[in-house]
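Here is the structure we will look at, set down as C-alpha cells.
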Amino acid sequence: MSDEAKILDRGYRSYEGHRSGVGGAIRSVAWHSMRTVLGVGRPARHKIFPAVSVIIAYLPALVFVGIAALLPVDLVGEEALPSYADYVGFIGIAIVLFCGLVAPEVLVRDRRDGMLGLYLSTPLQRDTYLVAKVAAVMTTLMIVTLGPPLLLLIAYTFEGSGPGGVGDWLVLFVRIVASGVAISAVFAAVSLAASSLTDRRAFASVGVILVLLGSSAVASALVEAAEMSTNVRLFDLLAMPFELVQRIYGETGDFPEIETTLVAGANIGWALFGTAVVWFRYRRLAVSR
Amino acid sequence: MTATQEPRRERRTVGSVAALIITFQVLVRQIVTRSRLIALGLMGAIVVVVGWAVGMSDSTDRDLDPLEQSVRISVNLGLTVVVPVVALVFAAGALGDARDDGTLVYLWLRPMRRWPVAVGAFAAALVVALPLTVIPVVATAALIESSGELVTAVAIATTVAVVGYTGLFLLLGSLLKRSIVWGLAYIIIWEGVAAGLGRAAARLSIRGYARSVITDRVGVEVASFDITQGWGIVAPLVAATAAIMLTTWRLNRMDVA
Amino acid sequence: MSSLPPPPPVSGSRIDVPPVAEPMVELSNVSKVFGDVVAVSDVSFTVGPGVTALLGPNGAGKSTLFRMLCGLTPPSQGQVRVLGSDARRDREVRGRIGLIGQEDGLFDQLSAGRFVEIAAMTHGMVDPKAVAVEALAEVELDPLEPKPLGAYSKGMRQRVKVAAGLVNDPDVMVLDEPLTGLDPVQRRRMIALFHRLGDQGRCVLVSSHVLDEVARLGSRVLVIAQGRLAATGDYRALRDLMDDRPHRIRLRTDDPRTLAARLIDTGTAVAVRVETDGLVADILDVDRFGRSLAPLARDIGIRLHEVEPLDDDLESVFRYLVERR
C-alpha cells in the first residue's frame, strides 16, 4: 500500500457536538408525537379531528367568559355558569373524542410503519420509549383537560370575577392543575392500554371509546337496574375520573355514596392497570423491523 | 407483424346476480376475522350478562317496571353502543378495507356492473352484523322482561337500526380513508349528542327512528319524536337504499389504488 | 370499440393472427395532477401487440400511467384509449385487460386456487376452476395448496397476481414491476412467459426501473422521466439518435498505436485510448466510421480482430435520457 494514499472526502462526517442523550431522545420523540397527533406539519385532513375536539373543549369556556364579561352579575347569576368542577364533565364528549384519537395515533402508528424498530436502535429502550409516549399522550390530553379551566380562571381573574385573595386563587389553581393531571393520567393509561393491543389505529380508537362508554353504560345498568352495590361504579371508567375531579374541588359529586378514598383508589388503580398492560405488551412485543 | 394466438378460453357476461354473489362471498371472508368476532362477540356477551343480572334482581325493589327497564337497557346499551359500533366495524371495512389494502381492484377492474358490488358489500356487512347485534340485544331485553311484544319490538328496532347504520357506514367506507374514526365521531357527536338536543337532529339519526319503533309498539317513552311504527321502519331502509345508490355512484367515480 | 380482429374459435391449435393495423393502447396528450404535483405531463404514445417495456426511475410516473391506462384513475387532461375505448366506462373492455399491479394486496384469507378461481369468476369464465388450475400452472404454483395467501412469500404472491391476471385471456396485459421479489430462475421464466404472451398477439406492457430486466424483456421501450415521455422505440435505434454523444467502440488489432494515430489524423475518432491488444475510440459519426474503418486498416497494413460497441446498451440510453449524462 502506498504511503501517499489518503482519502480526502468520505462524504460523511461524524458528529462531534453535544449529545442530549436519553433525555433528549425522550423529549424529541414526545415532541414529535404531539405534533403528529395535532396535525402540525401534516396535510389539512389530519388537523380536522384535533381541531374539532379542541374547539368543543374551549368554545364553552369562551362563551362563559363572554357572558360573564358582557352581562351584569345579578342578571347572570352564579348558578347559570358551570363551576370549575363541572366544566370538565361539561366538555366530556370532547375529552372522550380526543382520547380515542390521541393514543392510537401516538402508539399504533410506530408499530405499523416500522418506526418502533428505528426508535429502538437509538439510545431509547422500550421503557424510555414508553415514557416518551406516555408524556406525549398526557401532555396532549391536558390541552383539553387542563387548558379550558385554566383559561376560565385567567379570564375571570382579569375581568374581576375570579377568586377573592391570592390564597384562594392559588388553591383554585392547584385544584385545576391536579384535576387536569388526574383526568389525563387515567384516560392516557386506559387509551394507551387499548392502543397496545391492536395494530390498527381505527380499531384502537373503537376500543378506547368502547371501553369508556361501554363501562359507563354497563355500570349504570348494574347499579340502577340490577340494584347492585354502588361500588360497581368504580368500574365506570368514564365517570370515575370526573368524579375524582369533583372531589378534588371539595364537591360531593354525582355519586356521594362512594367514599373519596375509594374514588381516588379506583382512579389510581385504573391508571396503574392501564400502564401495566402497555408495559407487559411492549416487553413481549417482537420488533421485526 | 404476424402473431400466433392460443385458443381463447370460453367466457360469458357476468350477470348482476352473479357479481353480487361473488362480491358477497369474497367480502364476507375478508371482514370476518377472529379478533373482530371475539371483541364484538364479547361486547354482546357483556350486554347479555347485564340483562341477566337485571333480570335476576329482586323485582319488588325496582323503581321502574320491568318493561321500562328492559326497554331502557336495550336502548342505552344495545341501540346506542352495540348496534352502531358493530355495524361501523363491518360496513366501513367492507369496501374501506379493500380500498385501503389495494384489493378493491380485483372487484373493480372487472366486466361487472357497479351496483351489484355495492349491494354485495352491503349484504356481506349486514349478514355478519345482524347476528352480532340482534341476538344479544333481544336476549338482553328478554332476560329482563319476557314479553312477546317487547321482544318483537326490540328485534324490529335493532334490525332496522343495523340496516340503516350498515348502509350509512358502507357509504362512509367508500368515501373516506379513515372511515372508522369518522364513523365513531358521527356516532358520538351526532347520534349521541346532537340527536338528543332537538327533534330536527333526531329525525336525521338512525337511532331516533329505531327508538320510535319501540315506543310505538310497547308504549315506553324513549322516542325523541312521534311517528308511526311504519315510518320508523321505512325511514332507515330508505336511508340504507340511498346510501347504497351513493356508494354505487362513488364506485363509478373513485380512484382505485 | 375494439380494433382487434374478430375473436378466434374456442377450440383448435395455434392459429395465425393477421397483423393489427390500429394501436391497442393509445394515449393522447395525457396529464395527471395530484394537488400541486404533476405526476404525468402531456404524454402521448401508441402501443401495439408484443412486449413493450415502460422504463423509468422510481417516482417517474410509471404506475400512474398504468393506473390511467386501466381506468383506475382518470387523466386530468387528454385521452386514454384501450382497445379503442375508455376502460373506466366500458365494461366489456375491462374484461379484456389483465392488470398485475404494484400493490401487494391480495384476499389474504383465501387459498391461491380460490383467489385465482374468483378472479376467473369475476371475468365470467365458463369453467373458473379449470381456468385457475391452468393459470397457476403457468406460474408453477400448486392449485391445491390449502395455505392462505396471507402466509405466502413476496415472490409467491407476485406469481399468484400474475396467474390472476392471466385468467381472462387478456388482449392487453399491464404489468407494473412484475418481477419484484422473484428469484433469478422465476424471473427468467416469467420473462419467457411475457414473450410468449406477446408472440400470441397480445399487447404486453411491462414497467420496470431495473435495466437488466428491461433489456431482457425486449428492445422496444417507452422511457419516462419526471412524468414526461423521454423516448419511445427500439433502444438501439435511440442510441443512434444520440448525436451529441460519442459512441465508444473497442477495436482489437495487432498494431493499436498505428491505428490510433490514423484514426485521430483522419478525424474519424475524437478521442482514443490505447490498450495492450487494442484501443478504445470515441466516434461521433458511426456511419462514416463504419465505411472508412476497413479501407483504413488495409491502407496501413494492420489486421483487425474485433470491433465491439461498448455503450450500445440500454444503460447508456437510460443515463442519457433520464440522468442527462
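The structure presented is a predicted model; accordingly, all values stated were derived computationally and were not measured. All chains are named by letter (A, B, ...) in the order of the sequence lines, taking the proteins before the strands, and each is independently numbered beginning at 1.
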Open item on the list: Treating R11(B) as the side-chain partner and M125(C) as the backbone partner, does any N or O pair qualify as donor plus acceptor under 3.5 Å?
Closed with: no

Task: Other residues, nucleotides, ligands: >12 heavy atoms within 6.0 Å of R253(B) CZ - done: yes

Open item on the list: Heavy-atom pairs under 4.5 Å with chain B: which of R94(C), Q102(C), Q109(C) has the most?
Closed with: R94(C)

Open item on the list: Is I22(B) close to chain C through its backbone or its side chain, or both, or neither, when contacts mean heavy atoms under 4.5 Å?
Closed with: side chain

Open item on the list: Within the structure provided, determine whether N168(C) and P111(B) are in side-chain contact (heavy-atom separation under 4.5 Å).
Closed with: no

TODO: Mind checking the CG-CZ spacing from N252(B) to R88(C)? Nearest 0.5 Å is all I need.
DONE: 8.0 Å

TODO: Count the heavy atoms of every other residue, nucleotide or ligand shown that sit under 6.0 Å from CZ of R113(B), and state whether that count exceeds 12.
DONE: no

Open item on the list: Using a 6.0 Å cut-off, check whether atom CE of M245(B) has over 12 heavy atoms from anything other than its own residue.
Closed with: no

Open item on the list: Given 3.5 Å as the limit, does a donor-acceptor pair link the side chain of R67(C) with the main chain of V256(B), or not?
Closed with: yes

TODO: To the nearest 0.5 angstrom, please state how far the CD atom of Q25(B) sits from the CD1 atom of I118(C).
DONE: 6.5 Å

Open item on the list: Nearest 0.5 Å, please: how far is OG1 in T103(B) from CG in L106(C)?
Closed with: 8.5 Å

Open item on the list: Does any backbone or side-chain atom of T33(B) lie under 4.5 Å from a heavy atom of chain C? Answer side chain, backbone, both or neither.
Closed with: side chain

Open item on the list: Return the CG to CZ distance between L99(C) and R110(B), rounded to the nearest 0.5 Å.
Closed with: 8.5 Å

Open item on the list: Counting C-beta onward and ignoring hydrogens, is there a side-chain heavy-atom pair between H123(C) and V14(B) closer than 4.5 Å?
Closed with: no

- [ ] Kindly compute the distance separating CZ (R91(C)) from CZ (R114(B)), expressed to the nearest 0.5 Å.
- [x] 9.5 Å

Task: Contact winner vs chain B - D108(C), T122(C), V126(C), heavy-atom pairs under 4.5 Å - done: T122(C)

Open item on the list: So, taking the atom named CG in L72(C) and the one named CH2 in W108(B), what distance separates them when rounded to the nearest 0.5 Å?
Closed with: 5.5 Å

- [ ] Check the surroundings of atom NZ in K147(C): do more than 12 heavy atoms from other residues, nucleotides or ligands lie under 6.0 Å from it?
- [x] yes

Task: For chain B, the option from I97(C), T73(C), D104(C) that forms the most heavy-atom pairs under 4.5 Å - done: T73(C)

Open item on the list: Take a 6.0 Å sphere around CD of Q77(C) and say whether it holds more than 12 heavy atoms from other residues, nucleotides or ligands.
Closed with: no

Task: L110(C) backbone acceptor or donor facing R29(B) side chain under 3.5 Å - done: no

